[in-house]
Trainee: 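The structure follows.
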Amino acid sequence: MTTGRLEAFSDGVLAIIITIMVLELKVPHGDDFHSISLLLPKILNYILSFIYVGVYWNNHHHLFQAITKINGAILWANLHLLFWLSLLPVATGWMGEHYTDEAPVAIYGAILLLCSIAFAMVEKAALKFEGKESNLAKSLGNQRKELISVVGYLLGIGSTIVYPQMGIAVYFLIALMWIIPDKRIEKILT
């Protein structure tokens, strides 16, 4: 099987996730800047989640440019990733309303961690199917950013016990790290 249908389906799901997140932002009740300032935590949380969805979309796109064919294991691994990503709108809304509370910030981090693990599972399934000599295998050698992310999510989740905003700061720093494009796959393909 080729990757076209999987990519199109994934793109559609990610577009719906972003749409759901933005629909959770409500119009301010007043007509002044103070009214919008009351929504600032929700807006900032939306921006953080939008960045994460964008990072996953970008990396998913690059990954599937290096994959030549797919099998059932890759399809299921991809659905597993989409499942965790589809929980981001709920976690985003909850953390946006309760950004000073431990549980919403920790759950948000747990979902980010599970998204990261699920993406690694897609990579692993693709590597197994493509083989050790494939372009994909050559491009995914160093996975330092992935390891830093997992450790960071665990630290962020743990820090919510002390100070929830510390967890949010950690999640933000991880997102910033991933905004810098990952050139591993592009280098192999060009």
Side-chain angles (χ1 to χ4, degrees), residues 6-7 10-11 13-14 17-18 21 44-67 73-74 76-96 99 102-128 130 135-189:
L6 179 143
E7 290 179 86
S10 299
D11 287 350
V13 171
L14 294 174
I17 289 169
I18 289 173
M21 287 189 316
L44 292 174
N45 198 41
Y46 166 76
I47 292 169
L48 178 61
S49 294
F50 185 93
I51 290 169
Y52 269 107
V53 173
V55 163
Y56 276 102
W57 176 78
N58 191 324
N59 287 325
H60 190 272
H61 171 73
H62 280 100
L63 178 65
F64 281 90
Q65 294 302 304
I67 295 173
I74 296 169
W76 281 108
N78 193 68
L79 280 173
H80 179 242
L81 169 63
L82 294 175
F83 170 78
W84 291 112
L85 286 169
S86 73
L87 294 177
L88 267 179
V90 175
T92 299
W94 193 28
M95 190 170 90
Y99 60 94
E102 177 184 326
V105 177
I107 295 295
Y108 185 85
I111 290 171
L112 292 176
L113 173 64
L114 291 165
C115 288
S116 177
I117 291 168
F119 193 86
M121 291 171 73
V122 173
E123 287 178 335
K124 189 174 238 13
L127 280 170
K128 185 176 180 182
E130 291 271 316
N135 282 337
L136 182 64
K138 293 173 188 171
S139 67
L140 293 179
N142 179 352
Q143 295 195 313
R144 185 174 359 135
K145 282 172 78 171
E146 289 87 342
L147 181 60
I148 291 169
S149 297
V150 168
V151 171
Y153 293 136
L154 291 171
L155 289 173
I157 293 165
S159 70
T160 62
I161 296 167
V162 178
Y163 188 62
Q165 285 84 1
M166 192 181 313
I168 295 170
V170 171
Y171 308 150
F172 180 75
L173 290 173
I174 295 168
L176 285 179
M177 177 180 71
W178 281 102
I179 285 177
I180 300 166
D182 190 348
K183 300 287 187 186
R184 294 178 295 179
I185 292 175
E186 286 181 8
K187 285 180 184 176
I188 295 295
L189 295 178

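Residues: numbered from 1 along the sequence shown.
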Trainee: Measure the spacing between CG of Asn78 and CG of Leu6 and express it to the nearest 0.5 Å.
Mentor: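 Answer for the CG-CG pair, Asn78 versus Leu6, is 4.0 Å.
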Trainee: Applying side-chain contact (heavy atoms from CB on, under 4.5 Å), run through Glu123 and Leu63 and close with a yes or a no.
Mentor: CA-CA 8 Å; Glu123 287 178 335; Leu63 178 65; 4.0 Å; yes
Trainee: Which residues pass the side-chain hydrogen bond (donor to acceptor under 3.5 Å, both in side chains) test with Glu102, not counting sequence neighbours?
Mentor: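 Glu102 satisfies side-chain hydrogen bond (donor to acceptor under 3.5 Å, both in side chains) with no residue once adjacent residues are dropped.
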Trainee: Could you walk me through whether Ile117 and Trp84 satisfy the side-chain contact (heavy atoms from CB on, under 4.5 Å) test, starting with their C-alpha distance in whole Å, then the side-chain angles of each, then the deciding distance to 0.1 Å, before giving a yes or no?
Mentor: CA-CA 10 Å; Ile117 291 168; Trp84 291 112; over 6 Å; no
Trainee: Classify the angle between the aromatic ring planes of Phe64 and His60 as parallel (below 30°), tilted (30 to 60°) or perpendicular (above 60°).
Mentor: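 The rings of Phe64 and His60 sit tilted, inter-plane angle from 30° to 60°.
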Trainee: Report yes or no: does Lys145 contribute a side-chain atom to a donor-acceptor pair with the main-chain N or O of Met177 at less than 3.5 Å?
Mentor: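 Yes.
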Trainee: Tabulate below the donor-acceptor pairs under 3.5 Å that side-chain atoms of residues 152-170 make, not counting sequence neighbours, or state none.
Mentor:
residue	atom	partner	partner atom	Å
Tyr153	OH	Tyr52	OH	3.4
Ser159	OG	Leu155	O	3.3
Ser159	OG	Gly156	O	2.9
Ser159	OG	Gly167	N	3.2
Thr160	OG1	Ile157	O	2.6

Trainee: For the atom pair OH (Tyr108) and CG (Leu88), what is the distance rounded to the nearest 0.5 Å?
Mentor: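 The distance works out to 5.5 Å.
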Trainee: Please find the pair of heavy atoms, one from Phe50 and one from Ile18, that lie closest to each other, and give the distance.
Mentor: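 Nearest pair, atom of Phe50 first, then Ile18: CE1-CG2, 3.6 Å.
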Trainee: Asn58 and His62: side-chain contact (heavy atoms from CB on, under 4.5 Å), yes or no, with the steps?
Mentor: CA-CA 6 Å; Asn58 191 324; His62 280 100; 2.8 Å; yes
Trainee: Which heavy atom of Asn45 sits nearest to which heavy atom of Gly96, and what is that distance?
Mentor: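 Taking every non-hydrogen atom into account, ND2-N, 3.3 Å.
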Trainee: To the nearest 0.5 Å, what is the distance between CG (Leu114) and CG (Leu87)?
Mentor: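 Taking CG in Leu114 and CG in Leu87, the distance rounds to 9.0 Å.
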Trainee: Could you give the distance from CG (Leu85) to CD1 (Ile111), rounded to the nearest 0.5 Å?
Mentor: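 Going from CG on Leu85 over to CD1 on Ile111, the span is 10.0 Å.
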Trainee: Does atom CH2 of Trp57 have more than 12 heavy-atom neighbours from other groups under 6.0 Å away?
Mentor: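 Count not over threshold, so no.
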